[in-house]
K.L.:
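Take this structure first; my questions come after.
Along the sequence shown, the residues carry numbers beginning at 1. What you see is a predicted model, and the numbers here were worked out from it, not measured in a lab.
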Amino acid sequence: MGQTPDVFRAEYMLMPENRAGVETSRIKLLANVPIAVRGKRDFIVLGSEYNRYNFEVPDTLFPNAGDLRKLHVIDINFAYVYKISEEWRMVGVVTPRWSSNFVKELQEDDFNINYTVGAYQDKKDIEKPFRLVLGISYNSNSPVQVPLPVLYYEKRFHPSWSYILGVPKTGMKYFTPKGHFFQTELFLDGYYVNIQNNILLSNNILSTDVSYTALLLTLGYQYKITKDMSVYLVGGYSLFQNGALRDDDRRDIFTLNDSAGLYFRTGFRIGI
């Protein structure tokens, strides 16, 4: 939806062990293929994203804690970009998703479908270039069962500076003449994953899902190898985080991790 217009991305994230004794890492692989239609006025975008989370929690917390060590989220994206005018384009995205710890074969609860619709405006050849994205997104396995806003506004207000205002991301960028730039961001991150072997807690409550939400403040560096190809390194701190087991009604029933900690991310991307 304009916030991550990547053709390809490979990324590694690490949140080292914090005071709660929990360490989290993630491997992300993403690819998108745009296909021009209607005389190159519109585009169909076919894509996929894979995230594997390694979630290290103490074995003494509850039985079957080891079932949470590897969590998987697989997205298949089908998007259509429709040209309204020279300035505006509409975007619709349908995302089938499989999110599970996959300790058994595929189950019905591993699957859900997410939807996003919106519009964007991208002006590059002006004195102060900007990109504006407005939309709503519905995640069918989120604890919050309502459509959520998507807002992204980035403006190059100075030859060396731009700012980003939005939900779930806000920040600033500083550009150098030789293809380097620095970026600070405040953003939300998280996941919601089905537990195939439901976990029975000591109070006889059954957990069917695991979720994680974090508010992160980061400082990053990116180097453009070419116009569209770059590498990056990001470091920061989680101002807030909550990893929790949830029951079948999506209620938070057991806290896995609510301690702040360090955050690192590095990767390679090809943008458009």
K.L.:
Decide yes or no on side chain to side chain contact (heavy atoms under 4.5 Å, CB included) for V93 and Y115, but give the supporting numbers first.
P.N.:
CA-CA 6 Å; V93 187; Y115 306 91; over 6 Å; no
K.L.:
Rounded to the nearest 0.5 Å, how far apart are CZ of R9 and OG of S230?
P.N.:
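Separation between the atoms: 8.5 Å.
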K.L.:
One pair to check against side chain to side chain contact (heavy atoms under 4.5 Å, CB included): Y232 and R265. What are the steps and the verdict?
P.N.:
CA-CA 8 Å; Y232 56 92; R265 188 174 82 241; 4.1 Å; yes
K.L.:
Using the side-chain contact (heavy atoms from CB on, under 4.5 Å) definition, which of the options I195, N101, N194 pairs with L71?
P.N.:
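Only one option passes, and that is N101.
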K.L.:
List the steps and the verdict of side chain to side chain contact (heavy atoms under 4.5 Å, CB included) for L256 and V210.
P.N.:
CA-CA 9 Å; L256 296 168; V210 57; 3.7 Å; yes
K.L.:
Working note: K224 + H180, criterion side chain to side chain contact (heavy atoms under 4.5 Å, CB included); need CA distance, chi angles, decisive distance, verdict.
P.N.:
CA-CA 6 Å; K224 281 197 169 187; H180 307 261; over 6 Å; no
K.L.:
How would you list, by chain and number, every residue that makes a ring-ring contact (aromatic ring centres under 6.0 Å, His included) with Y12, sequence neighbours excluded?
P.N.:
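ring-ring contact (aromatic ring centres under 6.0 Å, His included) check on Y12 returns nothing, list empty.
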K.L.:
Who are the salt bridge (Lys or Arg N to Asp or Glu O under 4.0 Å) partners of R52, not counting sequence neighbours?
P.N.:
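For R52, no residue satisfies salt bridge (Lys or Arg N to Asp or Glu O under 4.0 Å) once neighbours in sequence are set aside.
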K.L.:
Does E154 pair with K173 as a salt bridge, N-O distance under 4.0 Å?
P.N.:
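Counted as a salt bridge, because a side-chain N and a carboxylate O are separated by less than 4.0 Å.
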K.L.:
Could you state the interatomic distance from NZ (K155) to CZ (F157), rounded to the nearest 0.5 Å?
P.N.:
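Here the interatomic distance stands at 10.0 Å.
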K.L.:
Hey, quick one: are Y138 and W98 part of the same hydrophobic cluster, counting side-chain heavy atoms closer than 4.5 Å, chains of contacts allowed?
P.N.:
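Cluster IDs for Y138 and W98 match.
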K.L.:
Are V150 and L215 joined in one hydrophobic group, where the rule is that I, L, V, M, F, W and Y side chains link up if heavy atoms are under 4.5 Å apart?
P.N.:
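They do not share one cluster, since no chain of ILVMFWY contacts under 4.5 Å joins V150 to L215.
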K.L.:
Any donor and acceptor pair, going by atom type alone, linking the side chain of N257 with main-chain N or O of S259 inside 3.5 Å?
P.N.:
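Checked: pair present.
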K.L.:
Counting only N and O atoms by type, is there a donor-acceptor contact under 3.5 Å from the side chain of S238 to the main-chain atoms of G261?
P.N.:
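Side chain of S238 to backbone of G261, a donor-acceptor pair under 3.5 Å: yes, one is there.
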K.L.:
Consider only side-chain heavy atoms of I, L, V, M, F, W and Y, link residues closer than 4.5 Å, and tell whether L14 and L262 are in one cluster.
P.N.:
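No, L14 does not connect to L262 through the hydrophobic network.
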K.L.:
Should Y263 and Y237 be marked as a ring-ring contact (aromatic ring centres under 6.0 Å, His included) after you check the CA-CA gap, both sets of side-chain angles, and the distance that decides it?
P.N.:
CA-CA 5 Å; Y263 174 92; Y237 197 76; over 10 Å; no
K.L.:
Write down the atom of S211, the atom of Y192, and the distance for their closest heavy-atom approach.
P.N.:
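Nearest pair, atom of S211 first, then Y192: CB-CD1, 3.4 Å.
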K.L.:
Does the distance from a Lys or Arg side-chain N to an Asp or Glu carboxylate O, for D75 and R97, drop under 4.0 Å?
P.N.:
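A salt bridge is present here (some side-chain N lies under 4.0 Å from a carboxylate O).
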K.L.:
Compare all side-chain heavy atoms of P96 with those of F111 and state whether any distance is below 4.5 angstrom.
P.N.:
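With C-beta onward as the side chain, the pair touches.
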K.L.:
Could you go through residues 77-85 and list every donor-acceptor pair under 3.5 Å that involves a side-chain atom there, pairing it with any protein atom two or more places apart or in another chain?
P.N.:
residue, atom, partner, partner atom, Å
N77, OD1, T95, OG1, 2.8
Y80, OH, D42, OD2, 2.8
K83, NZ, E86, OE1, 3.4
K83, NZ, E86, OE2, 3.2
S85, OG, E87, N, 3.3
S85, OG, W88, N, 3.2

K.L.:
Is there a donor-acceptor contact under 3.5 Å from the side chain of N32 to the main chain of D6?
P.N.:
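Yes.
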K.L.:
Working to the nearest 0.5 angstrom, can you tell me the gap between H72 NE2 and I27 CD1?
P.N.:
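Going from the NE2 atom of H72 to the CD1 atom of I27 covers 10.5 Å.
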K.L.:
To the nearest 0.5 Å, what is the distance between CG on L132 and CD on Q121?
P.N.:
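Answer for the CG-CD pair, L132 versus Q121, is 6.5 Å.
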K.L.:
Hey, could you give me each pair passing side-chain hydrogen bond (donor to acceptor under 3.5 Å, both in side chains) that has a residue in residues 197-208? Not counting sequence neighbours.
P.N.:
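side-chain hydrogen bond (donor to acceptor under 3.5 Å, both in side chains) check on residues 197-208 returns K104-N197.
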K.L.:
I'd like to check R131 versus Y153 (side-chain heavy atoms, cut-off strictly below 4.5 Å). Are they in contact?
P.N.:
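Not touching, per the 4.5 Å side-chain cut-off.
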K.L.:
Does the S100 side chain pair with the main chain of D110, one donor and one acceptor, at a distance under 3.5 Å?
P.N.:
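Checking the backbone N and O of D110 against the side chain of S100, no donor-acceptor pair under 3.5 Å is found.
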K.L.:
Please say yes or no: joined through hydrophobic side-chain contacts below 4.5 Å, possibly via intermediate residues, are L233 and F264 part of one cluster?
P.N.:
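L233 and F264: separate clusters.
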K.L.:
Taking the side chain as every heavy atom from C-beta outward, state whether R269 and F8 have any atom pair closer than 4.5 Å.
P.N.:
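The answer is no; the side chains never approach within 4.5 Å.
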K.L.:
Name all pairs fulfilling the ring pair (Phe, Tyr, Trp, His ring centres under 6.0 Å) condition that reach into residues 198-217, sequence neighbours left out, sorted by first residue then second.
P.N.:
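For residues 198-217: Y191-Y212.
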K.L.:
To the nearest 0.5 Å, tell me how far L245 CG sits from L206 CG.
P.N.:
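Result: 10.5 Å between the selected atoms.
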K.L.:
Which atom names give the shortest non-hydrogen contact between S99 and V73, and what distance separates them?
P.N.:
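Closest approach of S99 to V73, heavy atoms only: CB-CG2, 4.1 Å.
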K.L.:
So, T226 side chain and M229 main chain: donor-acceptor pair closer than 3.5 Å or not?
P.N.:
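Yes.
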K.L.:
Once you round to the nearest 0.5 Å, how far does OG1 of T170 lie from OH of Y152?
P.N.:
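Here the interatomic distance stands at 10.0 Å.
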K.L.:
Whether D258 and R19 form a salt bridge (side-chain N of Lys/Arg under 4.0 Å from carboxylate O of Asp/Glu) is what I want to check.
P.N.:
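Here R19 does not pair with D258 in a salt bridge, since their nearest N and O are not under 4.0 Å apart.
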K.L.:
Kindly say whether the aromatic ring centers of F181 and Y174 come within a distance under 6.0 Å.
P.N.:
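Centroid separation for F181 and Y174: 6.0 Å or greater.
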K.L.:
Does E11 pair with R26 as a salt bridge, N-O distance under 4.0 Å?
P.N.:
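Salt bridge flag = yes for R26 with E11.
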K.L.:
Which atom pairs, one a donor and one an acceptor, fall under 3.5 Å between side chains of residues 61-68 and the rest of the protein, sequence neighbours left out?
P.N.:
none

K.L.:
Quick one: are V133 and L151 in side-chain contact, heavy atoms under 4.5 Å?
P.N.:
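With C-beta onward as the side chain, the pair stays apart.
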K.L.:
Using side-chain heavy atoms (C-beta onward) and a distance below 4.5 Å, is E17 in contact with E56?
P.N.:
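With C-beta onward as the side chain, the pair stays apart.
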K.L.:
Would you mind telling me which of L239, I164, L216 makes a side-chain contact (heavy atoms from CB on, under 4.5 Å) with L186?
P.N.:
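Answer to the side-chain contact (heavy atoms from CB on, under 4.5 Å) test with L186 among L239, I164, L216: L239.
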K.L.:
Under 3.5 Å, is there a donor-acceptor pair between the Q107 and E105 side chains?
P.N.:
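E105 and Q107 do not have a side-chain donor-acceptor pair below 3.5 Å.
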K.L.:
Report whether I76 and Y50 are members of the same hydrophobic cluster (ILVMFWY, side-chain heavy atoms less than 4.5 Å apart, transitive linking).
P.N.:
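Linked, I76 and Y50 end up in one cluster.
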K.L.:
Below 4.5 Å, heavy atoms only, C-beta onward: do N54 and K70 meet side chain to side chain?
P.N.:
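Side chain of N54 against side chain of K70, heavy atoms only: contact under 4.5 Å found.
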K.L.:
Under a 3.5 Å distance rule, please check whether R246 uses its side chain to pair with a backbone N or O of D249 as donor and acceptor.
P.N.:
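No: the side chain of R246 does not pair with the backbone of D249.
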